Structures are given as C-alpha cells and as structure tokens.
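These numbers come from a predicted model, not from an experiment. The first residue of the sequence shown is numbered 1, and numbering continues consecutively from there. Note: hydrogens, waters and symmetry copies are ignored here, and every other heavy atom, side chains too, is used.
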Amino acid sequence: MDRVIMWFRNDLRVKDNKALSQACLNGNIVFPVYVLDRRLLETTALGFSRCGSFRIEFLLDSLAELRGNLKKLGADLILRVGNPEEVVPWLADELRVEAIHCSKEIAHEELQQVHRMEQKLQGKGIEVKDHWQSTLFHEDDVPWPVKQVPDVFTKFRKESEKTVEIQSEFQAPNKIHFQHEVEPGELPTLKDLGIEPEKRSKKAVLPFKGGESEAWKRLNEYFWKDDLLKRYKYTRNELIGKDYSSKFSPWLALGCISAKSIYFEIKKYEKERTKNSSTYWLFFELLWRDFFKFMTKKHGKSIFLKPGITGDALEMSDDCDAFNAWRLGKTGEPFIDANMVELNETGFMSNRGRQNVASYLIHDLSVNWTWGAMWFENRLIDYDPSSNWLNWAYIAGVGNDPQKGRKFSIENQSLKYDPKGEYVKMWLQNNLVKPR
Ligand SMILES: Cc1cc2nc3c(=O)[nH]c(=O)nc-3n(C[C@H](O)[C@H](O)[C@H](O)COP(=O)(O)OP(=O)(O)OC[C@H]3O[C@@H](n4cnc5c(N)ncnc54)[C@H](O)[C@@H]3O)c2cc1C
C-alpha cells in the first residue's frame, strides 16, 4: 500500500494543485504536511527580521483555511515549526512513506531545502517528487532550455505567447485517504512565534486575509461583482483604494490561488462579459511574474546579490542613516515617505509606489539596493523572491532591463500620479512634511 506525504510549500490550496493531485493519485494514504520555516523568524544583518508580522499573519490565516479544507476532504494538516529539510524526512520515516510530493520551487533556498532533504533520505527508498506549478507556462512547454530563456521580457513574452498553451487546471480531490498516526500539531499564534502583532491601518487598500476562499472572494469581487477587469489597464497605476488593481499578489505569493486559475477566469470573463486591452493586460502582468520565475531558475543565487545577474559593479553606499530614513518614511520627500508609511502600516504598496521608492533609494540616495529588497521582504505580504529581487535588480540596472536601470523623477511622478496630493495627504497627514 503506497503511503505518501504531500508537503505543502507556496501552494496553500486544494484546487489546481498538481502536487496534491499527484499525491492523491499515487498514494493510498496521503499525509498533508506543512513546516513553518523557523528561518523566517531570524533577524537579518540589518537588524530587522526576515518576515514581519503582517506577512506571518497572512500565512497563518492561509494555513488555518488549508487545514479546514483538508478536513472537509477527510484529512488534516500536520503542522510543525522548524526546518523543513529536517522535519519532513523525520516525518517520512515516522509515517513510513514511499514518496514526498511537493511543488517545485526555484529560488536558491527552496532548492537547497530539497537538495538537503534528498541527502537525508538517501538509501531509504523515499523519493522527493516535485511538480512544476507556480507559473502560467509549464517549464516543459516553453520553447527554450532554461539556460537559453531570453533575458529580455518582450522577447520572452512574444515567443512564448505564440507557442505555449497553458495547461488545464487540476480539480480539487473529492476525498483524501488519511490516517491519524501522528499529532496534527496546533497552528501557532504570533505570540507563540515570539512576534509582536502589529495593527494594520484602517486606510489599507484591503483588510487582506490569507486563504484559498479569500483569494476567490477577491477574484469574484474584482472580476464579477464590481466588474473592474474591463478597465484594469487604465487604473493599474493608481495609488488609492481597492479598485485600481487586482490585489491578487498576496494570495499568489503563497499559492492560495494559482496563476492558471486566474488565467482561466480571465478567459471566462472575456467570453461572458468583455474582451479588451484590459483583460489582456492582466494576463500580460502575470507574464511578468512568469518571466521573473524563469529568470530565477536561469540565474540562481545571483538574483540576491549586489552585482545581480549582469555582474556589474555598482557605486552604492552602505549608508545606514539614509537607509533608515527611507525605510521609516522620513526622507522629507513626501511622495516617497507616503508610500513607505503605507507599506509599513499595511504590508502593501502599489506597483507605481514600489517603482518610485526603489528608484529613490538606488538612484537618489545611492544606497545598496539589496537593503531595500530586504526591507520589502520583511514588509510585503505578497513577498515573492523572484518578483521582489528581480524587480529591484531591474531598477538598479543589474537585472533584466535592456536600458540598464530606471531612474524616476519623483517630482514628475508625484505630479502625474498624485496631482492633487491626496495620496500624500492620506498617509502623511500627521507628519510635518508638506505635500508637493
Ligand atoms: C521594487 C519592486 C518589488 C516588488 N516586489 C514584489 C513582490 O515581492 N511580490 C509580488 O508579487 N510582486 C512584487 N512586485 C511587483 C508588483 O508591484 C506587484 O505584483 C503588484 O503591485 C501587486 O499588486 P496587484 O496584485 O494589485 O497587481 P496587478 O496590477 O493587479 O497585477 C496582477 C498580478 O500580476 C503580477 N505582477 C504585476 N506586476 C508585476 C511585476 N512588476 N513583476 C512581477 N509580477 C507582477 C502579480 O502577480 C500581480 O498580482 C514588485 C515590484 C517592484 C517595483
């Protein structure tokens, strides 16, 4: 009788989860497992933790819902806090499984986890079977071997769009055959993890609750109830409120919903409502996400390093005072400070804001771009290694930008995107800095 572990990683869902479907297909008994990686709680060399409370809270909500969904299917979620590469092989021994199914992750640390896990399992006859599933395009379907994937987005998009068909979704299993053989483990609270809870500002674009049904609730609201997809292309650069963009990113980052599921909903919307440049544009933005994942696979660890993927030496200082002023929203530049206050008080910032604050840190303050990326890693509830580090590298000029970096004029940007100073006023109303 085949006994298998389904090791959940950034795929906290039951619908369109290839790893879960394969585990259920191959295992007569399936043990769903999640290990909250203790390293998320570590303090960085810059003095703040890798993962702030908003992000952990979103993760805990997502795990609570996943557990509930697995229970409805007759199983449970075996939950531990520790290092996955130690805990999962230990559980595999304890539960006498033949295989561990999981999502294929491509960032350096996630690859290391599987590598170390395989070393621990050597000679035990337990196989790790990882399944590619976080992108729209499957790695086997793109027209290049990984080392030849184009480094320029437009080339990647044009060629793959022409040739790649997006694979269909996997339905959620009807039932999971499970046995209670080990303690499922309590879902920890922030306090258990030694994290001081922060209160999200009421001005946040959304209350942002993690979980699969919350992801679908947001999709249904944005596409179907409020019918906002049809004008997405013209609103996506705005700064205020829940309507200007999809806000799918936090749920995508943890895999509460798959990019493929969003794609098929876009297709449905195009059939049932309208098909226009906006419906295409959401797909286009999801392709950026795909592109950065393929770039992570191609360039490995270099995406996290100061010379980036180009290897160029940048003149950047390790100026702690300038960095901390930026980080805390106290540069004196209202448009920058307002965005940083929003990020710090809510865990979210618009794409337009992210581009500007990154450009300001890099090109106006000349501070080490990797520090900015580390602060984003702590703050963003949608933190995703590929999208975060490669967007930063792009703006710094050591990533995928053929123009070798983007410097934004903060004055022009704030006049264009916040002409009446409403956004700045909203976030800096208690500050002494005057809006432009
Ligand atoms: C410096 C910097 C850091 C960033 N860090 C992250 C990060 O850690 N996690 C993250 O998900 N996004 C990151 N982004 C990309 C982008 O800002 C967010 O995906 C977007 O703002 C999320 O809001 P939304 O879901 O409403 O986006 P929408 O405009 O509704 O877009 C839909 C989806 O497309 C994808 N997408 C859109 N723009 C980009 C982009 N530039 N790069 C990659 N994917 C994109 C996202 O998955 C997004 O959810 C970063 C951008 C910059 C400039």
- request: Examine Trp7 together with Tyr34 and report whether their ring centres are nearer than 6.0 Å.
  value: no
- request: Anything under 30° is parallel, anything over 60° is perpendicular, the rest tilted; go ahead and classify Phe283 against Tyr263.
  value: tilted
- prompt: Should Leu79 and Leu187 count as side-chain neighbours, where that means a heavy-atom distance under 4.5 Å?
  reply: yes
query: ring pair (Phe, Tyr, Trp, His ring centres under 6.0 Å) with His363: which residues, sequence neighbours excluded?
result: none
task: Drop me the distance from Asn388's CG to Trp375's CH2, to the nearest 0.5 angstrom.
output: 13.0 Å
- prompt: Which atom names give the shortest non-hydrogen contact between Pro402 and Val152, and what distance separates them?
  reply: CG-CG1, 4.0 Å
Flag if over 12 foreign heavy atoms under 6.0 Å of CD, Glu272: yes
- prompt: Side chains of Leu36 and Leu193: does their closest heavy-atom pair fall under 4.5 Å?
  reply: yes
message: Are the side chains of Glu411 and Phe335 in contact, using a 4.5 Å heavy-atom criterion?
response: no
- line: Residue set satisfying ring pair (Phe, Tyr, Trp, His ring centres under 6.0 Å) with Tyr383, at least two apart, ordered chain then number -> none
task: Using only heavy-atom distances, determine whether the side chains of Gln355 and Arg406 contain a donor-acceptor pair under 3.5 Å.
output: no
- prompt: Does anything in residues 298-325 pair up under ring-ring contact (aromatic ring centres under 6.0 Å, His included), and if so which pairs, sequence neighbours excluded?
  reply: Phe304-Trp389, Phe323-Trp326, Phe323-Trp371
message: Just to verify, what does Lys260 make a salt bridge (charged side-chain N to carboxylate O under 4.0 Å, His left out) with, not counting sequence neighbours?
response: Asp16
- prompt: Can you name the side-chain hydrogen bond (donor to acceptor under 3.5 Å, both in side chains) partners of Asp382, sequence neighbours left out?
  reply: Ser249, Arg354
- prompt: Just wondering, do Phe8 and Leu66 contact through their side chains at under 4.5 Å, heavy atoms?
  reply: yes
query: Is the shortest distance from a Lys or Arg side-chain nitrogen in Lys425 or Glu422 to a carboxylate oxygen in the other one below 4.0 Å?
result: no
- prompt: Taking NZ, NE, NH1 and NH2 as the nitrogens, is one of them in Arg200 or Glu345 under 4.0 Å from a carboxylate oxygen of the other?
  reply: no
message: Between Lys330 and Asp337, does any NZ, NE, NH1 or NH2 come within less than 4.0 Å of an OD or OE carboxylate oxygen?
response: no
- prompt: Got a salt bridge between Arg236 and Glu285, using NZ or NE/NH1/NH2 to carboxylate O under 4.0 Å?
  reply: yes
- prompt: With distance as the sole criterion, is a donor-acceptor pair present between the side chains of Asp192 and Thr189 under 3.5 Å?
  reply: yes
field: Value rounded to 0.5 Å, distance of OH in Tyr222 from CG in Leu206
entry: 11.0 Å
task: Please confirm whether the backbone N or O of Gly211 pairs with a side-chain atom of Ser62, one donor and one acceptor, at under 3.5 Å?
output: yes
message: Do Val97 and Phe31 make a side-chain contact, defined as non-hydrogen atoms from C-beta onward lying under 4.5 Å apart?
response: yes
query: Asn10 and Ser103: side-chain donor and acceptor closer than 3.5 Å?
result: no
query: Quick one: does Leu314's side chain get under 4.5 Å of Pro307's, heavy atoms only?
result: no
Check: residues 18-27 side-chain donor-acceptor pairs under 3.5 Å, at least two apart:
from	atom 1	to	atom 2	distance (Å)
Ser21	OG	Asn17	O	3.0
Asn26	ND2	Gln22	O	2.8

message: To the closest 0.5 Å, what do you measure between OH (Tyr360) and OG1 (Thr331)?
response: 4.0 Å
message: Contact between Ile395 and Lys407 at the side-chain level, heavy atoms closer than 4.5 Å - yes or no?
response: no
- request: Answer yes or no for Lys268 and Trp224: cation-pi contact, defined as NZ/CZ to six-membered ring centre under 6.0 Å and angle to ring axis within 45°.
  value: yes
message: Checking Tyr423 against Asn339: is there a side-chain donor and acceptor pair closer than 3.5 Å?
response: yes
- prompt: Hey, which of Glu270, Lys230, Lys233 is the one that makes side chain to side chain donor-acceptor pair (under 3.5 Å) with Thr279?
  reply: Glu270
task: Decide if the gap between the ring center of Phe248 and the ring center of Trp251 is smaller than 6.0 angstrom.
output: no
message: Is there a side-chain contact (heavy atoms from CB on, under 4.5 Å) between Glu212 and Ile257? Walk through the geometry before answering.
response: CA-CA 6 Å; Glu212 188 166 359; Ile257 190 167; over 6 Å; no
- prompt: Ring centres of Tyr232 and Tyr280 under 6.0 Å apart?
  reply: no
message: Assess, by modelled atom type and distance only, whether the side chains of Ser213 and Glu65 contain a donor and an acceptor separated by less than 3.5 Å.
response: yes
task: Before accepting this row, confirm whether a basic side-chain N of the pair Asp384/Arg289 lies closer than 4.0 Å to the acidic partner's carboxylate O.
output: no
query: Is any side-chain heavy atom of Lys293 less than 4.5 Å from a side-chain heavy atom of Ile106?
result: yes
- line: Those residues at least two apart in sequence (or on a different chain) that pass side-chain hydrogen bond (donor to acceptor under 3.5 Å, both in side chains) with Ser261 are Glu169, Ser258
query: Among side-chain atoms of Asn400 and Trp288, is any donor-acceptor pair under 3.5 angstrom?
result: no
- prompt: Is there a ring-ring contact (aromatic ring centres under 6.0 Å, His included) between Phe153 and Phe284 once you walk through the steps?
  reply: CA-CA 11 Å; Phe153 172 70; Phe284 176 95; 5.4 Å; yes
- prompt: Could you give all pairs that pass the side chain to side chain donor-acceptor pair (under 3.5 Å) test and reach residues 77-86, with sequence neighbours left out?
  reply: Arg39-Glu85, Glu85-Arg116
query: Mind checking what makes side-chain hydrogen bond (donor to acceptor under 3.5 Å, both in side chains) contact with Lys104, not counting sequence neighbours?
result: Glu139
task: Could I get the full list of side-chain hydrogen bond (donor to acceptor under 3.5 Å, both in side chains) partners for Lys306, not counting sequence neighbours?
output: none
field: Ser53: which of Glu198, Glu196, Arg379 passes side chain to side chain donor-acceptor pair (under 3.5 Å)
entry: Glu198
Pair Ile262-Leu286, side-chain contact (heavy atoms from CB on, under 4.5 Å): steps then yes or no: CA-CA 9 Å; Ile262 296 174; Leu286 288 171; 3.8 Å; yes
message: Strictly by salt bridge (Lys or Arg N to Asp or Glu O under 4.0 Å), give each pair with a member in residues 145-157 just once, sequence neighbours left out.
response: Asp151-Lys298, Lys155-Glu159, Arg157-Glu161
field: Contacts of type ring pair (Phe, Tyr, Trp, His ring centres under 6.0 Å), residue Trp144, not counting sequence neighbours
entry: Phe156
